[in-house]
Amino acid sequence: MNDIENIYSKLWQLYGPQGWWPAPDYHPGDYNFPGTENQKFEICVGAILTQNTSWKNVEKAILNLKKYDLLAPEMLLTIEHKHLAQVIKSAGYFNQKARKLAVFSEYFLFLNGKSANRQELLQLWGVGPETADSILLYAFSQPTFVVDSYTKRLLTHLGLIKGAERYDHIKALFESCLPKDVILYQEYHALIVAHAKLHYSKKPYALNCLINKNWNTKRTD
DNA sequence: AACCAGGACGTGA
DNA sequence: TCACGTCATGGT
């Protein structure tokens with residue numbers, strides 16, 4: 001078992017299945033989600049809104065979009081910028097994110113039911129590597145690994161990377177060590193977030209990180 | 001009262 | 001490429 005598989009095994013033992021994506025109307029463990037275009041779009045919107053923002057603030061914005069029947073690409077392209085910005089205010093960066101949602105909505109309509117493409121996503125204003133991979137993995141069920149700041153922080157503390165590596169390098173590290181499996185990738189990223197929220201959000205990091213503590217010692221249980 | 005949250009973009013060097 | 005500055009609300 002390689003290091004990346006070893007970390008996954010420990011995270012799974014500690015936290016069990018996470019069942020992402022955590023959409024407001026999503027029942028954890030339902031791996032058939034998203035089953036509809038609306039649900040896919042909702043995940044994409046969430047992926048954009050959660051950029052450098054807590055999910056709690058994003059959830060308020062999504063519920064607000066639903067409240068006014070705006071959670072559809074046609075609606076987000078019709079609505080006035082200032083109005084949209086106000087509706088998603090709780091998610092922060094509302095001017096930028098309103099624009100990002102409009103740009104993405106156009107792309108989503110262009111797809112017309114087809115699956116999204118990583119190169120195309122990265123060309124959209126407002127979609128960087130993490131957002132693109134989140135959209136591909138959780139909305140379109142493509143086996144692409146999501147790397148976020150928590151992931152970098154965890155691997156850095158475990159000594160697997162120095163910390164300055166590029167996004168695609170870290171993504172490739174995970175994908176080269178794991179079988180190409182959508183649910184595995186979905187659960188792994190979710191587990192990292194769950195673990196990092198507990199042990200890698202406030203400094204000093206990793207005080208009670210069991211993975212870190214047991215990293216160089218062998219377990220018999 | 002600073003600090004952080006599941007980033008991405010623009011700019012000057 | 002690299003290193004910052006900017007965007008902004010809400011919880012601790």
Side-chain angles (χ1 to χ4, degrees), chain A residues 7-8 11 15 17-24 26 28 33-34 42-65 81-105 107 116 118-140 144-157 162-171 174 184-207 209:
Chain A
I7 294 170
Y8 181 77
L11 287 172
Y15 306 104
Q18 299 299 298
W20 270 24
W21 182 269
Y26 164 53
F33 180 89
E42 178 173 335
I43 291 176
C44 297
V45 168
I48 290 168
L49 291 181
T50 200
Q51 290 171 357
N52 202 37
T53 301
S54 69
W55 180 255
K56 195 148 196 173
N57 288 2
V58 173
E59 197 163 66
K60 285 183 191 170
I62 291 179
L63 290 174
N64 219 19
L65 285 168
H81 169 88
K82 293 188 75 172
H83 185 196
L84 177 55
Q86 191 189 4
V87 172
I88 64 171
K89 184 163 78 90
S90 68
Y93 311 114
F94 45 77
N95 280 314
Q96 290 191 344
K97 285 176 178 174
R99 182 178 162 203
K100 291 177 183 183
L101 289 181
V103 169
F104 180 80
S105 292
Y107 177 66
R118 193 167 196 269
Q119 326 290 347
E120 292 173 354
L121 283 170
L122 290 175
Q123 284 172 5
L124 303 178
W125 186 88
V127 177
E130 185 191 339
T131 305
D133 287 330
S134 291
I135 287 171
L136 291 169
L137 180 61
Y138 292 104
F140 293 96
T144 181
F145 203 88
V146 176
V147 177
D148 66 346
S149 55
Y150 284 148
T151 309
K152 288 184 198 168
R153 203 173 290 169
L154 178 63
L155 289 199
T156 302
H157 272 262
K162 292 181 181 178
E165 287 83 356
R166 303 177 165 290
Y167 183 97
D168 288 327
H169 175 85
I170 302 173
K171 168 182 160 69
F174 278 92
L184 171 63
Y185 287 8
Q186 289 180 341
E187 285 293 331
Y188 204 154
H189 174 64
L191 283 165
I192 288 174
V193 173
H195 181 69
K197 276 180 176 171
L198 293 176
H199 303 294
Y200 289 87
S201 68
K202 46 183 181 289
K203 297 178 181 177
Y205 298 141
L207 285 184
C209 170

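Chain letters run A, B, ... following the sequence lines, proteins first and then strands; every chain starts at 1.
- Taking the side chain of A:Gln51 as heavy atoms from C-beta on, and the options B:dG7, B:dA5, B:dG6, the nearest nucleotide is B:dG7.
- Residue A:Lys202 is the one, among A:Lys202 and A:Gln96, whose nearest nucleotide of DNA chain B lies closer to the 5' end (criterion: closest heavy atom).
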- Message: Please evaluate residues A:Glu120 and A:Tyr107 with respect to the criterion side chain to side chain donor-acceptor pair (under 3.5 Å), reporting the C-alpha separation (whole Å), side-chain torsions for both, the decisive distance (0.1 Å), and the verdict.
- Response: CA-CA 9 Å; A:Glu120 292 173 354; A:Tyr107 177 66; 2.7 Å; yes
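- A:Ile88 comes within 4.0 angstrom of no nucleic acid atom, judged by non-hydrogen atoms across all strands.
- Residue A:Arg166 has its side chain nearest to C:dT1 when only C:dG10, C:dT1, C:dC7 are considered.
- Side-chain proximity of A:Thr131 to the nucleotides B:dA8, B:dA5, C:dC2 is greatest for B:dA8.
- Distances shorter than 4.0 Å separate none of the side-chain N or O atoms of A:Trp20 from OP1 or OP2 on B:dG6.
- Classification of the A:Phe145-A:Phe174 ring pair by plane angle, with boundaries at 30° and 60°, yields parallel.
- One can place CZ of A:Phe94 at 17 Å from C1' of B:dA5, the figure rounded to the nearest angstrom.
- The OH atom of A:Tyr205 sits 10 Å away from the C1' atom of B:dC3 (whole-angstrom rounding).
- If you take CG of A:Asp148 and C1' of B:dC4, they are 14 Å apart, rounded to a whole angstrom.
- Taking atom CG on A:Asn95 and atom C1' on B:dA8, their separation rounds to 15 Å, with Å as the unit.
- Side-chain proximity of A:Ser90 to the nucleotides C:dT9, C:dA8, B:dG6 is greatest for C:dT9.
- Atom name P, nucleotides B:dT11 and C:dA8: the rounded distance is 16 Å, in whole Å.
- Straight-line distance between the P atoms of B:dG6 and C:dC7: roughly 22 Å, to the nearest whole Å.
- There is no side-chain donor-acceptor pair under 3.5 Å between A:Ser90 and A:Lys56.
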- Query: A:Tyr150 and A:Tyr200: ring pair (Phe, Tyr, Trp, His ring centres under 6.0 Å), yes or no, with the steps?
  - Reply: CA-CA 7 Å; A:Tyr150 284 148; A:Tyr200 289 87; 8.3 Å; no
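- Here A:Arg153 does not reach the OP1 or OP2 of B:dC4: none of its side-chain N or O atoms lies under 4.0 Å away.
- Rounded to a whole Å, the CG atom of A:Asn52 is 11 Å from the C1' atom of C:dT9.
- The side chain of A:Asn57 lies closest to C:dT9, out of C:dT9, B:dA5, B:dG7.
- Between B:dG7 and A:Ser149, a contact under 4.0 Å exists linking OP1 or OP2 to a side-chain N or O.
- Residues A:Ile88 and A:Ala61 approach most closely at CA-CB, 3.9 Å, considering heavy atoms.
- Rounding to whole angstrom units, CD of residue A:Glu187 and P of B:dG6 are separated by 17 Å.
- Heavy atoms of A:Val127 sit under 4.0 angstrom from primed sugar atoms or phosphate atoms, though from no base atom.
- Atom-to-atom, CD of A:Gln86 to P of C:dA8 comes out at 14 Å; the value is rounded to the nearest Å.
- Side-chain atoms of A:Tyr138 come within 3.5 Å of backbone N or O of A:Gln186 as a donor-acceptor pair.
- Of the candidate nucleotides B:dC4, B:dA8, B:dA5, B:dA8 has the atom lying nearest to any side-chain atom of A:Lys100.
- Going from atom OH of A:Tyr200 over to atom C1' of B:dA5 covers 18 Å, rounded to whole Å.
- Residue-level contact check: A:Thr151 touches neither bases nor backbone, having no heavy atom under 4.0 Å from any strand.
- Using a 4.0 Å heavy-atom criterion, one finds that A:Lys60 contacts the sugar-phosphate atoms exclusively.
- Residue A:Ser54 has its side chain nearest to B:dA5 when only C:dT9, B:dA5, C:dC7 are considered.
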